[in-house]
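Keep in mind that what you see is a predicted model, and the values were worked out from it rather than measured.
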There are 2 protein chains.
Amino acid sequence: MAPALAIANVNATSVTLGGLVQARRNATATPVNPSRWTMRPSDALDEIASIATVERDLPLFREGEHAENVFEVTSGTIRVFKLLPDGRRQIIGFVEAGDFLGLSFNDTYLYTAEAVTTAAVRRFPRRRMETLIDENPIIRRRLLAVTANELLTAQEQMVLLGRKTAKEKLCTFLLSLSRKAARRGLCDTRVSMPMGRADIADYLGLTIETVSRTITCLKTAGLIRLLDGHKIELTDLDTIAEMAEAA
Amino acid sequence: MAPALAIANVNATSVTLGGLVQARRNATATPVNPSRWTMRPSDALDEIASIATVERDLPLFREGEHAENVFEVTSGTIRVFKLLPDGRRQIIGFVEAGDFLGLSFNDTYLYTAEAVTTAAVRRFPRRRMETLIDENPIIRRRLLAVTANELLTAQEQMVLLGRKTAKEKLCTFLLSLSRKAARRGLCDTRVSMPMGRADIADYLGLTIETVSRTITCLKTAGLIRLLDGHKIELTDLDTIAEMAEAA
DNA sequence: CGAAGCCTTGACTACATTCAACAGGCGTGG
DNA sequence: CCACGCCTGTTGAATGTAGTCAAGGCTTCG
């Protein structure tokens with residue numbers, strides 16, 4: 001996924017606002033033509049979109065803030081999480097190119113979104129987004145599908161968090177990385193894993209130590225190999241898939 | 001919440017089909033007038049609704065089945081869950097009067113729905129439901145709101161499952177019972193808890209023993225009292241609320 | 001080269017699970 | 001009517017999985 005041009009454009013004329021490096025898009029001068037760089041066709045959303053980048057570890061928005069925008073990630077990875085008062089963190093999900101963020105139908109954001117890697121997003125004002133949803137059946141169905149998919153993912157994550165062992169959790173996680181990669185036409189056995197151990201731990205409801213130990217265990221069993229550059233090779237995807245549902 | 005009349009009507013002319021006792025509604029002869037019995041005004045959904053009851057412990061539908069209908073619960077409680085191949089169960093939620101079920105936007109149901117108590121539901125054919133969503137902005141916004149709320153609940157449940165202790169889980173659960181009761185105008189300190197320990201355990205990601213022990217602990221601490229008829233008194237709601245987020 | 005951050009590993013602990021026994025309620029049938 | 005079995009819930013003791021605390025290795029980067 002390489003909207004590199006778009007990012008370059010943004011950065012060239014960008015203004016930093018908190019964690020958000022943003023550039024109001026000049027619709028005529030530098031029209032965004034995402035279809036050249038991704039599978040996604042240009043759509044009615046382009047009409048109301050502006051683009052921006054978020055630097056590593058900086059927030060795109062925070063839980064409780066007034067929800068003014070909806071976002072679509074075009075490159076990079078973003079972590080979405082909720083915090084307990086004492087600082088415990090539960091990562092709800094990792095959001096990547098093609099995924100939407102902040103579709104709360106609520107006045108405030110329900111979670112915090114932070115960049116795992118520097119990320120590029122399309123930004124849509126919520127007001128105009130809502131109008132568009134009412135008027136445009138295609139956009140509507142697409143967002144409905146996105147939301148439904150989010151619900152499905154959330155429910156599967158509940159099964160993972162409530163009923164799976166550490167090893168099953170890790171294998172499920174690796175499998176989902178593989179599936180995501182495959183869905184975007186990448187190799188499903190050499191996948192990128194840009195998030196750190198702490199992020200994985202907070203996503204799977206474990207500690208960094210347990211994540212590390214379990215990864216070592218899978219490595220020793222010959223199921224995976226750690227590669228440079230936050231990459232991981234899934235040597236035995238079948239066994240990983242089996243272990244994802246039964247220890 | 002007493003759609004007792006409606007239930008009586010159904011039972012009088014009902015046919016059993018699996019777990020589902022159903023009666024095709026005769027729109028002119030016995031018009032459903034839910035507004036007399038609940039807060040909900042009659043709506044466009046009435047046009048395509050039929051009503052049915054599900055007996056205790058019987059399924060309304062199963063995960064993987066072709067999703068032909070969408071349901072709205074009008075009385076009783078339904079548990080929604082997913083199973084792992086080896087039988088481990090994660091309850092996604094308890095669905096009560098006013099809640100919707102089976103809004104999958106998918107061809108098959110993503111989870112199983114079983115009656116905790118005998119329950120009454122309104123049933124809508126998915127096809128006609130989809131048409132209605134496209135045509136009727138009011139219905140659409142309502143279902144969008146329902147879905148968004150489901151997502152919020154799911155995300156909060158992830159925090160619970162991934163990051164809370166047994167005591168915090170139980171307190172959060174009790175608090176949610178109280179909130180639900182309050183929302184429908186019932187007493188928020190003497191609430192009904194129709195599900196058994198096994199259901200609670202599978203909802204909170206615990207075992208029945210841990211649920212039982214934790215309840216005993218809360219009882220000993222003077223925060224709750226168990227009453228007859230699956231009722232529970234929340235003696236100290238404030239402390240319960242505190243303990244829901246920090247041990 | 002040194003400092004910082006991330007990851008790994010080890011030893012010990014603790015929370016929740018497992019295994020087991022038992023109590024109480026309820027319906028059925030003798 | 002009581003006896004019995006069944007089911008649900010409670011309690012106890014032992015176990016185990018993952019957490020906590022602590023130290024050390026490795027990479028990265030100034």
K.L.:
Quick check, are the ring centers of B:Phe81 and B:Tyr203 under 6.0 angstrom apart?
P.N.:
no

K.L.:
Whole angstroms only, please: what is the CD1-C1' distance between B:Ile215 and D:dT8?
P.N.:
12 Å

K.L.:
Taking CD1 from B:Ile208 and P from C:dA20, how many angstroms apart are they, rounded to a whole number?
P.N.:
14 Å

K.L.:
Just how far, in rounded Å, is P of C:dA16 from CG of B:Leu204?
P.N.:
12 Å

K.L.:
Output the single nucleotide from D:dT20, C:dT8, C:dA16 whose closest atom is nearest the side chain of A:Arg197.
P.N.:
C:dT8

K.L.:
When you check the side-chain N and O atoms of A:Arg123 and A:Ser50, is any donor under 3.5 Å from an acceptor?
P.N.:
yes

K.L.:
Under 4.0 Å between a side-chain nitrogen and a carboxylate oxygen: does that hold for B:Arg197 and B:Asp202?
P.N.:
no

K.L.:
Would you mind reading off the distance between A:Leu227 atom CG and C:dC7 atom C1', rounded to a whole angstrom?
P.N.:
16 Å

K.L.:
Base, sugar-phosphate, or nothing for A:Leu206, non-hydrogen atoms under 4.0 angstrom?
P.N.:
sugar-phosphate

K.L.:
Round to the nearest Å and state the distance from A:Lys164 atom NZ to D:dT17 atom P.
P.N.:
18 Å

K.L.:
Is the shortest distance from a Lys or Arg side-chain nitrogen in B:Asp188 or B:Arg183 to a carboxylate oxygen in the other one below 4.0 Å?
P.N.:
no

K.L.:
Looking only at side-chain atoms of A:Thr210, point me to the closest of D:dA18, C:dA16, D:dT11.
P.N.:
D:dA18

K.L.:
Please examine the side chains of A:Leu223 and A:Met243, heavy atoms only from C-beta on, and report whether any two atoms are closer than 4.5 Å.
P.N.:
yes

K.L.:
Rounded to the Å, how far apart are B:Ile224 CD1 and D:dG9 P?
P.N.:
14 Å

K.L.:
Could you check A:Asp57 against B:Thr207 and say which one's nearest nucleotide on DNA chain C is further toward the 5' end?
P.N.:
A:Asp57

K.L.:
In whole angstroms, how far is the C1' atom of C:dG24 from the NE2 atom of B:His230?
P.N.:
14 Å

K.L.:
Measure the distance from NZ on A:Lys167 to P on D:dA18 and round it to the nearest whole Å.
P.N.:
9 Å

K.L.:
Pick the nucleotide of DNA chain C nearest each of A:Arg163 and A:Leu226; which residue has the one closer to the 5' end?
P.N.:
A:Leu226

K.L.:
Measuring from the side chain of A:Arg213 (C-beta onward, heavy atoms only), which nucleotide among D:dT20, C:dT17, C:dC7 has the closest atom?
P.N.:
D:dT20

K.L.:
Base, sugar-phosphate, or nothing for B:Thr216, non-hydrogen atoms under 4.0 angstrom?
P.N.:
sugar-phosphate

